[in-house]
There are 4 protein chains.
Amino acid sequence: MTPIQEFFKQEMSRRGDLTSKQKQILEASLTLFAEKGFEKTSTADIAAMAGVAEGTVYRHYKTKRELLLAVLAPLMAVMPNMVAEFDENTVRKPITTLQEFVQNLVRDRLEFLDVNYKEVKVLAGELLFNTDLRREFINSLLSKTEVFSDLTKTLDRLKAEGKVVDWPTDLILQFTLSTLIGFVGRQFIELPSELTKDQREKMTVAFLVKGLTP
Amino acid sequence: MTPIQEFFKQEMSRRGDLTSKQKQILEASLTLFAEKGFEKTSTADIAAMAGVAEGTVYRHYKTKRELLLAVLAPLMAVMPNMVAEFDENTVRKPITTLQEFVQNLVRDRLEFLDVNYKEVKVLAGELLFNTDLRREFINSLLSKTEVFSDLTKTLDRLKAEGKVVDWPTDLILQFTLSTLIGFVGRQFIELPSELTKDQREKMTVAFLVKGLTP
Amino acid sequence: MTPIQEFFKQEMSRRGDLTSKQKQILEASLTLFAEKGFEKTSTADIAAMAGVAEGTVYRHYKTKRELLLAVLAPLMAVMPNMVAEFDENTVRKPITTLQEFVQNLVRDRLEFLDVNYKEVKVLAGELLFNTDLRREFINSLLSKTEVFSDLTKTLDRLKAEGKVVDWPTDLILQFTLSTLIGFVGRQFIELPSELTKDQREKMTVAFLVKGLTP
Amino acid sequence: MTPIQEFFKQEMSRRGDLTSKQKQILEASLTLFAEKGFEKTSTADIAAMAGVAEGTVYRHYKTKRELLLAVLAPLMAVMPNMVAEFDENTVRKPITTLQEFVQNLVRDRLEFLDVNYKEVKVLAGELLFNTDLRREFINSLLSKTEVFSDLTKTLDRLKAEGKVVDWPTDLILQFTLSTLIGFVGRQFIELPSELTKDQREKMTVAFLVKGLTP
DNA sequence: CATGAATGAGGATTCATTCAT
DNA sequence: CATGAATGAATCCTCATTCAT
């Protein structure tokens, strides 16, 4: 499992105290929110899919919106890490080339985005119009991408060694993240391609490596 | 005005037959949809902001969803162009370098995304959960990015000349578009930056040029 | 019609702009609130009795509670007058005896309480547990029973002439009002009596006159 | 302790078999019913305040309404006594004057109403809209105020001696009770007064004595 | 064409009551 | 006996849509 995915699982298991009903409810909510969007999902739908009574949903979550937040909470907690953390220990030797750096990042994050596709979709839809949540999300993001984050440190080192172009870290992250999102987004809209996913992943790495070379 | 923006205006003016009330309704809808999202906007809200009676809205648009489609129609019509069209004539000499190519593309599209920010936001929200619209959107997109589109032709020429990496056109467009979207998205979430917008635009061009160089 | 009843009608007609549907809704609400109490009356009940759709109720009154307030408003406006106003002009000569005073008061108020029985009942039920409304009610009551209210003036004159016991006005009003309420309350609980209503009314006047004589 | 209060305590202690949980439940119910009204009090509220599980409430009382009746039962049992009983033994010599009669009555009942303020409030709210309970209440009241009740006997004696006006007993009780209720009600709505409670009590006695003098 | 009152289906939420542990 | 999770009917309220004026 990739490091980020690992983080996520830990976050989820922190909720080990969830009853089975709660899990069913969260699962159903996630699925339906991802499928039809939050607003178009009725609590009756959720109850039906979860196989519980509507009242049961409200016994565990005071409002529908609270249910949404519960669904998003693990992701909200991990997302900033996804942008800021970088686990050098998963590879034997420390990162010494841009190629290594990008490759690690891409593989790790792509899988995460892929596996947690539903959560990401729901979060995206919510961030689009929910100003409050957006603000909160950005703040937690900013608090993570500080100078001493793993990723920042690794990047700075590579910059110092002249292995990465000397642009602000946040811009580099922006390019990287948007390229990754583009990759996943493309799958999402199911655009056909003459290439395999692996080939596209390789080219994505190549694109980033070249783009970020000084 | 940039070529894409030009297209858009033409698309809009094709609706020259719209009464002033209709324009008010569309304008109000766009604003509210972009602000709160489609589902959370009530037709009463729209009528109020447009300064017309609720019945009047329904005189012009049979359903609320039809109103959404009317709001998105111009963008839906132009978006594929944005990905496929490339107006070489706006510069005196034809494009001969990747640098020129990217620069033109970025300037043009960025301004468009910026100016039509609301439409794009509404469309994004809609594409996320509306499968039908998404399919339609993709189809029109595919039909545009055919081999004989301006952009494809220019790219192929540059590839032949060894000035652009030899990746499939759709992948190159994916990288380009996602980088642009990242640029705009960053503004959307109002992340602070130590750089000016101009500086960031220059670096974005540089990133793309390097990334797409063979 | 008694003076107080007159006041009430004026208050009601101030709502001359009510549509017929609104009147039906208010009428039904009043009847049902008086019959079953506010909490036990459902908006569906009201709509059914008023012969309109449930949505129509909410078109006119934003919440069920607002509907309650609309029902009570005229009474809330007039009640304080009932305690404070005293129309000496309805009798040819000014009041010169306690007997005259009490007789006028009793006849007037009793009829009012009798005719507006439903409103009073609903108000009573509401004042019992709704602290806010109670406070508001008391305030408007206090603002009315100031030294220069008709009733206070008349009472003061009679006191000065030694025709009424020299107790604070508010206490005299308390005795009077509670005696009146007892009269009406007795009818409300439908206690049988060997006397006619007229006889009871006469004795009530006699009781008050004696009780308030110096 | 006043005789009526004494009655009440006896009634309450008749429930000596109540477990402590039951007492907590009844206590919480009483408090909440008096505070917010029966309908607006949820069984969850009650359980929470009583410090027991919601199921425990239902183990002791089959329905919420039954709980209400249990809360009101002691008062329902004693209220009629309040109107009918008159304990001459608490004073050494038998009552010989109207003044003595009224004074005893007022002091006794006022304190009772004061101490059992919550119960009275809940009962009042219930009698207002609950026809069945009202009928039951009236019946038990009528059965008590029969010719041989203490109070009736004392009153008849005083009437025979020309010390009390010769009105029907029920009317005299009506006047007395409503005057007492007015006294207590005034405190309930927290009307300010320039007099002390003692002064008001004295004047209330005076008012009744004068009003009931032949 | 424009209006806005009326509609009623549907949705979120509450809560008395039950029952397995 | 006590518990508290589960239930689902009932309730308040919203809102897209219709239609008579």
Side-chain angles (χ1 to χ4, degrees), chain A residues 19-22 24-25 38-48 50-67, chain B residues 19-22 25 38-48 50-68, chain C residues 19-22 24-25 38-48 50-67, chain D residues 19-22 25 38-48 50-68:
Chain A
T19 71
S20 78
K21 300 245 172 199
Q22 280 193 62
Q24 291 164 44
I25 292 170
F38 175 71
E39 300 292 346
K40 293 217 70 174
T41 301
S42 75
T43 51
D45 287 344
I46 294 171
V52 301
E54 216 171 336
T56 307
V57 174
Y58 280 89
R59 174 153 297 278
H60 294 290
Y61 303 94
K62 274 198 288 296
T63 67
K64 190 185 163 195
R65 184 145 290 274
E66 192 171 282
L67 184 52
Chain B
T19 70
S20 82
K21 298 232 175 214
Q22 283 192 59
I25 293 171
F38 175 70
E39 300 292 345
K40 294 213 72 173
T41 301
S42 73
T43 51
D45 285 344
I46 294 171
V52 301
E54 221 173 330
T56 308
V57 174
Y58 278 87
R59 181 150 302 281
H60 293 290
Y61 304 95
K62 274 202 288 292
T63 69
K64 191 185 163 195
R65 187 146 285 275
E66 194 171 279
L67 184 53
L68 173 69
Chain C
T19 70
S20 78
K21 300 244 171 196
Q22 281 194 62
Q24 290 164 43
I25 292 170
F38 174 71
E39 301 290 346
K40 293 217 69 173
T41 302
S42 74
T43 51
D45 287 345
I46 294 171
V52 301
E54 214 171 338
T56 307
V57 173
Y58 281 90
R59 175 152 297 277
H60 293 291
Y61 304 94
K62 274 196 288 292
T63 67
K64 191 185 163 196
R65 184 145 289 274
E66 191 172 282
L67 183 52
Chain D
T19 69
S20 82
K21 299 234 176 211
Q22 282 193 62
I25 292 171
F38 174 70
E39 300 291 346
K40 295 214 72 176
T41 300
S42 72
T43 50
D45 286 344
I46 293 170
V52 301
E54 221 173 330
T56 308
V57 174
Y58 278 87
R59 181 149 303 281
H60 293 289
Y61 304 95
K62 272 201 291 293
T63 68
K64 190 183 163 197
R65 185 145 290 274
E66 193 171 280
L67 184 52
L68 173 69

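Proteins come first, then strands; the chains are lettered A, B, ... in the order of their sequence lines, and each starts at number 1. Computed from heavy atoms alone, side chains included, the values below leave out hydrogens, waters and symmetry copies. All figures in this text were calculated on a predicted structure; none of them were measured in a lab.
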Item to check | Residues forming a side chain to side chain donor-acceptor pair (under 3.5 Å) with A/Thr56, sequence neighbours excluded | outcome: none
Next on the checklist: Could you work out, with side chain to side chain donor-acceptor pair (under 3.5 Å) as the rule, every residue matching C/Gln24, not counting sequence neighbours?
Outcome noted: none
Can you give me the closest heavy-atom contact between [X] and [Y], atom names plus distance?
X       : Y       : answer
C/Val57 : C/Ile25 : CA-CD1, 3.9 Å
C/His60 : C/Gln22 : ND1-CG, 3.3 Å
A/Glu54 : A/Ala44 : OE2-N, 3.5 Å

Next on the checklist: Could you tell me the boundaries of the chain C footprint on DNA chain E, defined by atoms under 4.0 Å from its heavy atoms?
Outcome noted: E/dA5 to E/dG8
Item to check | Partners meeting side-chain contact (heavy atoms from CB on, under 4.5 Å) with B/Arg65 (sequence neighbours left out) | outcome: B/Phe38, B/Glu39, B/Thr63, B/Leu68, B/Glu126, B/Asn130
Checklist entry - Could you give the distance from NZ (A/Lys64) to OG1 (A/Thr43), rounded to the nearest 0.5 Å? => result 7.0 Å
Checklist outcome for this item: Here the gap from C/Ile46 atom CD1 to C/Tyr58 atom OH, rounded to the nearest 0.5 Å, amounts to 8.0 Å
Item to check | Contact nearer the 5' end of DNA chain F, comparing A/Val52 with D/Lys21 | outcome: D/Lys21
[atom1] of [X] versus [atom2] of [N]: gap in Å, rounded?
X       : N      : atom1 : atom2 : answer
B/Arg65 : F/dC15 : CZ    : C1'   : 15 Å
A/Lys64 : F/dC13 : NZ    : P     : 19 Å
C/Tyr58 : F/dT14 : OH    : P     : 8 Å
C/Glu54 : F/dA10 : CD    : C1'   : 11 Å

Checklist outcome for this item: Residues in residues 39-46 of chain C with a heavy atom under 4.0 Å of DNA chain F, by number, are C/Thr41, C/Ser42, C/Thr43
Item to check | Secondary-structure notation, DNA chain F, from Watson-Crick and G-U pairs under 3.5 angstrom (| other strand) | outcome: .||||||||||||||||||||
Checklist entry - Starting at the 5' end of DNA chain E, which residue's closest nucleotide do you reach first, B/Gly51 or A/Phe38? => result B/Gly51
